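Report on one structure; see the data block that follows.
Keep in mind the model is a prediction, meaning the values are calculated, not measured.
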Amino acid sequence: MNAVCTGCGRTIDKEFIYCPWCGFSRVSHESDSLDVLFNKYEQMHREIRRRQLSDMEKQLDEMEKELSVLVLSTEMHK
């Protein structure tokens, strides 16, 4: 998604708070921009944690399956 910087007129990513070309703020007040940055950081952090937990859950499921096969194999060879 793109937007146009009102400071220099260049095309920038819509998610940018500041234009990487001229530094113009896309947010009207400094405190608002800090809130926006903090909220984006929190949202990104939650998403990263959610993905990590999901990946760990998948790994644990796979390990549980492998362990079941190993236990079953050991029981059969007794």
(message) Show me the pairs that pass salt bridge (Lys or Arg N to Asp or Glu O under 4.0 Å) and involve residues 37-49, at least two apart or across chains.
(response) E15-K40, E47-R50, E47-R51
(request) List, by chain and then residue number, the residues other than M76 in its hydrophobic cluster (Ile/Leu/Val/Met/Phe/Trp/Tyr, side-chain heavy atoms under 4.5 Å); write none if there are no others. (result) L72
(message) Testing the basics here: between G23 and Y18, what is the closest heavy-atom pair and its distance to 0.1 Å?
(response) O-CD2, 3.5 Å
(request) Identify the two heavy atoms, one from D13 and one from N2, that lie closest to each other, and give their separation to 0.1 Å. (result) CA-OD1, 4.1 Å
(request) Report the residues that fulfil side chain to side chain contact (heavy atoms under 4.5 Å, CB included) with M44, sequence neighbours left out, ordered by chain and then residue number. (result) Y41, I48
(request) Keeping to residues at least two apart or across chains, list the ring pair (Phe, Tyr, Trp, His ring centres under 6.0 Å) pairs with something in residues 54-73. (result) none
(request) May I ask you to check whether over 12 heavy atoms, not counting those of Q52, lie within 6.0 Å of atom CD? (result) yes
Just list the side-chain donor-acceptor pairs under 3.5 Å for residues 57-71, sequence neighbours left out, or say none.
residue	atom	partner	partner atom	Å
S68	OG	E64	O	3.0

(request) Under 4.5 Å between side-chain heavy atoms, chaining through other members, with only Ile, Leu, Val, Met, Phe, Trp and Tyr counted: pull out the rest of the cluster around W21, sorted by chain and number. (result) I12, F16
